[in-house]
Amino acid sequence: MTNKEIAKLGVLIASIELGLDGIEVEFRGESFFKRKTINAVFFKEVYTIVFNEDLLEFSHEDNILKCAFHETRHAYQMACIEFPELMNIDVSDVEVEIWKSEFECYFGPGDELYETQLIELDAVRFAEELFNDLYGDE
C-alpha cells in the first residue's frame, strides 16, 4: 500500500468512526503550504484534507494515520458547528462554541498559541485514542 493510499484509508477510518461522509482528500507539493513542515491541512470551506505529498513520501505509516485521524477530527469539529442536528456530538455545547471561536480566530503551526487551542488538543487526543484503539496491542 502506498503512503497516499494509507492517508486516504486513515481519513476513511476516522470518517466512519465520527459519522462523517464525503471528506475529500488531495495531495499537493510543499510549495502549496504556508510552511514546508506542515503534513496536512483541513480546509473547512470545502471539507477537504490536503496532504503534503513531499513529506508524505518519507513518512512512517503510523504518522500518516495519526495525521489523517487528526485532520478528519477537524472536519468533525466543523460539522458539529455547522450541522449540529445531523451530528452525534461527543462533547458539550460549550466546547462546540469554543471550537467555533477558535476556527474563526485560528492560530496556525508556528504560533505560540497553536498547541493551546482546544480544537488542536481535541484533534491530537482523538488521533492518539483512535490509533491506540486500532493498533495499540500490536
Side-chain angles (χ1 to χ4, degrees):
M1 183 175 284
T2 69
N3 285 356
K4 286 183 178 181
E5 291 169 331
I6 292 168
K8 287 180 180 180
L9 179 62
V11 171
L12 178 62
I13 290 168
S15 293
I16 291 168
E17 180 73 16
L18 294 166
L20 294 171
D21 188 28
I23 306 302
E24 297 293 323
V25 176
E26 295 181 7
F27 302 93
R28 302 281 176 93
E30 68 182 17
S31 63
F32 175 81
F33 298 87
K34 290 180 183 176
R35 297 173 56 104
K36 295 177 190 257
T37 58
I38 293 176
N39 294 315
V41 174
F42 166 66
F43 287 93
K44 64 183 182 178
E45 299 79 12
V46 290
Y47 283 84
T48 299
I49 297 170
V50 179
F51 286 88
N52 182 334
E53 64 188 353
D54 295 317
L55 292 179
L56 196 65
E57 182 179 342
F58 302 103
S59 295
H60 187 273
E61 178 179 312
D62 294 359
N63 293 331
I64 296 168
L65 288 171
K66 288 178 186 178
C67 180
F69 297 165
H70 178 108
E71 296 304 327
T72 306
R73 181 65 176 192
H74 287 319
Y76 168 82
Q77 293 165 341
M78 185 52 62
C80 289
I81 294 165
E82 292 187 321
F83 313 107
E85 67 284 354
L86 300 176
M87 300 304 298
N88 182 15
I89 301 176
D90 61 3
V91 299
S92 70
D93 292 344
V94 171
E95 192 163 339
V96 173
E97 283 302 313
I98 294 170
W99 289 349
K100 181 178 180 183
S101 67
E102 288 181 348
F103 271 115
E104 290 170 354
C105 184
Y106 182 72
F107 296 100
D111 190 290
E112 64 184 40
L113 296 175
Y114 171 72
E115 292 181 357
T116 67
Q117 296 172 111
L118 191 56
I119 54 175
E120 292 304 329
L121 294 169
D122 177 70
V124 168
R125 178 204 51 79
F126 172 79
E128 289 294 328
E129 286 180 4
L130 181 56
F131 185 84
N132 289 336
D133 287 350
L134 296 173
Y135 303 102
D137 294 334
E138 291 183 10

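Nothing fancy with the numbering, it's 1 onward along the sequence.
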Just to verify, what does Thr2 make a side-chain contact (heavy atoms from CB on, under 4.5 Å) with, not counting sequence neighbours? Lys4, Glu5
Looking only at non-hydrogen atoms, find the nearest pair between Asp90 and Tyr76 and report the distance. N-OH, 2.9 Å
Supply the atom-to-atom distance Glu57 CD to Ile64 CD1, rounded to the nearest 0.5 angstrom. 10.5 Å
Which pair of non-hydrogen atoms, one from Arg125 and one from Asp122, has the smallest distance, and what is that distance? NH2-OD1, 2.8 Å
Rounding to 0.5 Å, atoms SG (Cys80) and CD (Glu85) come to a distance of 10.5 Å
Apart from Val50 itself, what residues make up its hydrophobic cluster when side-chain heavy atoms of I, L, V, M, F, W and Y under 4.5 Å apart count as a link, directly or indirectly? Phe32, Phe33, Ile38, Val41, Phe43, Val46
Quick one: do Glu26 and Arg28 satisfy salt bridge (charged side-chain N to carboxylate O under 4.0 Å, His left out)? Show the steps, please. CA-CA 7 Å; Glu26 295 181 7; Arg28 302 281 176 93; 2.9 Å; yes
Do Phe103 and Leu121 belong to the same hydrophobic cluster, where Ile, Leu, Val, Met, Phe, Trp and Tyr are linked whenever their side-chain heavy atoms lie under 4.5 Å apart, directly or via other members? no
Less than 4.5 Å apart, side chain to side chain, heavy atoms only: is that true for Val96 and Ile89? yes
Pairwise distance SG(Cys67) to CG(Asn52) - rounded to 0.5 angstrom: 9.5 Å
Check this for me: Lys44, atom NZ, are more than 12 non-hydrogen atoms of other residues, nucleotides or ligands nearer than 6.0 Å? yes
Inter-residue atom distance Thr48.OG1 - Glu24.CD, 0.5 Å rounding: 5.5 Å
Under 3.5 Å, which donor-acceptor pairs do the side chains of residues 106-115 form with other protein atoms, sequence neighbours left out?
residue : atom : partner : partner atom : Å
Tyr106  : OH   : Glu120  : OE2          : 2.7
Asp111  : OD1  : Leu113  : N            : 2.8
Tyr114  : OH   : Glu120  : OE1          : 3.2

Is there a donor-acceptor pair closer than 3.5 Å between any side-chain N or O of Asn3 and the backbone N or O of Ser59? yes
Between Phe58 and Leu55, is there a shared hydrophobic cluster once you connect ILVMFWY residues whose side-chain heavy atoms come closer than 4.5 Å? no
Student check: side-chain heavy atoms of Met1 and Leu9 closer than 4.5 Å: yes
Quick one: are Asn63 and His60 in side-chain contact, heavy atoms under 4.5 Å? yes
The criterion is ring pair (Phe, Tyr, Trp, His ring centres under 6.0 Å); which residues satisfy it with Phe69, sequence neighbours excluded? none
Taking ring pair (Phe, Tyr, Trp, His ring centres under 6.0 Å) as the definition, give me every residue that meets it alongside Phe42, ordered by chain and number, with sequence neighbours left out. Tyr47
Solution key, residues 14-23 side-chain donor-acceptor pairs under 3.5 Å, sequence neighbours excluded:
residue : atom : partner : partner atom : Å
Ser15   : OG   : Val11   : O            : 2.7

Identify the two heavy atoms, one from Ala68 and one from Thr72, that lie closest to each other, and give their separation to 0.1 Å. O-OG1, 2.7 Å
State whether Arg73 and Glu71 are salt-bridged, where the test is any N-O pair (Lys NZ or Arg NE/NH1/NH2 against Asp/Glu carboxylate O) under 4.0 Å. no
Looking only at heavy atoms, which two atoms of Gln77 and Ile119 are closest? And how far apart? NE2-O, 3.0 Å
Could you tell me whether the side chain of Phe27 reaches within less than 4.5 Å of the side chain of Val25, counting heavy atoms only? yes
If you round to the nearest 0.5 Å, how far is NE2 of His74 from CZ of Phe126? 11.5 Å
Can a salt bridge be assigned to the pair Glu128 and Lys66 using a cut-off of 4.0 Å between side-chain N and carboxylate O? yes
Could you check whether any side-chain heavy atom of Leu65 comes within less than 4.5 Å of a side-chain heavy atom of Ile6, counting everything from C-beta outward? yes
Please report the shortest heavy-atom distance between Ile49 and Ala40, naming the atom on each side. CG2-CB, 4.3 Å
